[in-house]
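What's counted below: heavy atoms across the whole structure, side chains too, no hydrogens, waters or symmetry copies. If you're wondering where the values come from, they're calculated on a predicted model, not measured in any experiment.
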Amino acid sequence: IKQLLASGELGAPLHFSFRCLGNFGFLADGATYSHWVTREGGGGVFSAVGTHFVDLTRYLTGREVVAVSAMQHPLVDSMPDPK
């Protein structure tokens, strides 16, 4: 993909879209407090994996990312107790 983008055959990329579907224990109700848990502390899914999508985009294109937009929504309202 990196070589294809570098060749210019596709033109300049204007938009990348990534999705991450998963269960993150640090977001569960009653999770042990850490910087991952609170929005105010910079936590959440973007902090956990979104930064890697930004890095991947930079690697693939050789360019800096100009803007990022993210949405986070749970797949289910509550998770069953794993015990």
Subject >> Side chain proximity check, V49 to F18, heavy atoms < 4.5 angstrom >> reply: no
Original post:
Which pairs with one or both residues in residues 2-22 pass side-chain hydrogen bond (donor to acceptor under 3.5 Å, both in side chains), sequence neighbours excluded?
Top reply: none
Original post:
What is the distance from atom OH of Y59 to atom CD1 of I1, rounded to the nearest 0.5 Å?
Top reply: 10.5 Å
**OP:** Please say which of T61, T57, L60 ends up in a side chain to side chain contact (heavy atoms under 4.5 Å, CB included) with P13.
**Re:** T61
**OP:** Please tell me if the side chains of R58 and R63 come closer than 4.5 Å, counting only heavy atoms from C-beta onward.
**Re:** no
Original post:
In terms of heavy-atom contacts, does CG of L4 have more than 12 from other residues, nucleotides or ligands at under 6.0 Å?
Top reply: yes
